[in-house]
Amino acid sequence: MNQAVPQTHKKQPQRWPLAGLLLLFLLLTACIGGGDAAEEAAPEAAVQTTATLRCSESCQAYGQCGLTTDGRTVILARSFSAGLRDHDVLMASDSGVTILTQEAHIIQEVTGVQSNLTFYYVQPAEGGFSNWVAGSCVELSAP
């Protein structure tokens, strides 16, 4: 006699959703940890200082400021990186700024003499876009 025996089918657990949740958990914990490393790598970027842009004699000597045709005194700045040429921004002289970060660069004069010059990444006190300015044009505020 042949008899049909019902087979009990056990449902296999779905492991893909569980693996997805585990992966999501690992990604979130990786994103949360290690936040202090950036602050330790660039501590000067964490300190914001106020300053004033000035068309001083040394700023003029580097060719970083001048007069517009309408008589305004301006500081030449760069939006994309620190440098003494290829400016693309004019900032008002005697205006307040916040220093966001700074970089020291070795520059070479036409005579071949090399020297260090600090460049500041500044934001106007009234807000707006940040730009790079030669340190010879920045007058730091007294602490």
Worksheet item: For Glu103, what residues pass the salt bridge (Lys or Arg N to Asp or Glu O under 4.0 Å) criterion, not counting sequence neighbours?
Response: none

Worksheet item: Yes or no on side chain to side chain contact (heavy atoms under 4.5 Å, CB included) for Ile99 and Thr50, after CA distance, side-chain angles and deciding distance?
Response: CA-CA 6 Å; Ile99 297 173; Thr50 58; over 6 Å; no

Practice prompt. Give a yes or no on this: more than 12 heavy atoms of other residues, nucleotides or ligands lie within 6.0 Å of atom CZ of Phe80.
Written response: yes

Worksheet item: Any salt bridge (charged side-chain N to carboxylate O under 4.0 Å, His left out) pairs touching residues 59-68, not counting sequence neighbours?
Response: none

Response to the item:
residues 104-116 vs salt bridge (charged side-chain N to carboxylate O under 4.0 Å, His left out), sequence neighbours excluded, gives none

Item to complete: Hey, could you give me each pair passing side chain to side chain donor-acceptor pair (under 3.5 Å) that has a residue in residues 65-80? Not counting sequence neighbours.
Response: Thr68-Asp70, Asp70-Arg72, Arg78-Ser81, Ser79-Asp88

Worksheet entry | Qualifying side chain to side chain donor-acceptor pair (under 3.5 Å) pairs with a residue from residues 56-66, counting only residues at least two apart or across chains | Ser56-Ser58, Gln64-His87

Residue pairs passing the disulfide (SG to SG under 2.5 Å) test where at least one lies in [range], sequence neighbours excluded:
range	value
residues 87-118	none
residues 84-142	Cys59-Cys137
residues 83-121	none
residues 65-112	Cys55-Cys65

Worksheet item: Which heavy atom of Ser95 sits nearest a heavy atom of Ala92, and at what distance?
Response: OG-O, 2.5 Å

Worksheet item: Minimum heavy-atom separation for Ala51 to Leu140, with atom names?
Response: CB-CA, 4.0 Å

Item to complete: Starting from Val74, walk the hydrophobic network (Ile, Leu, Val, Met, Phe, Trp, Tyr; side-chain heavy atoms closer than 4.5 Å) and list everyone else you reach, by chain and number.
Response: Leu76, Leu90

Discussion item. Other members of the hydrophobic cluster containing Val110, with the 4.5 Å side-chain heavy-atom rule, please.
Written reply: none

Response to the item:
When rounded to the nearest 0.5 Å, the distance separating CG of Asn131 from CD1 of Ile75 is 12.0 Å

Practice prompt. Kindly compute the distance separating OG (Ser136) from CD1 (Ile107), expressed to the nearest 0.5 Å.
Written response: 8.0 Å

Ignoring hydrogens and angles, write down the donor-acceptor pairs under 3.5 Å from the side chains of residues 113-126, residues two or more places apart or on other chains.
from: Gln114; atom 1: NE2; to: Gln108; atom 2: OE1; distance (Å): 3.4
from: Gln123; atom 1: NE2; to: Gly128; atom 2: O; distance (Å): 3.0

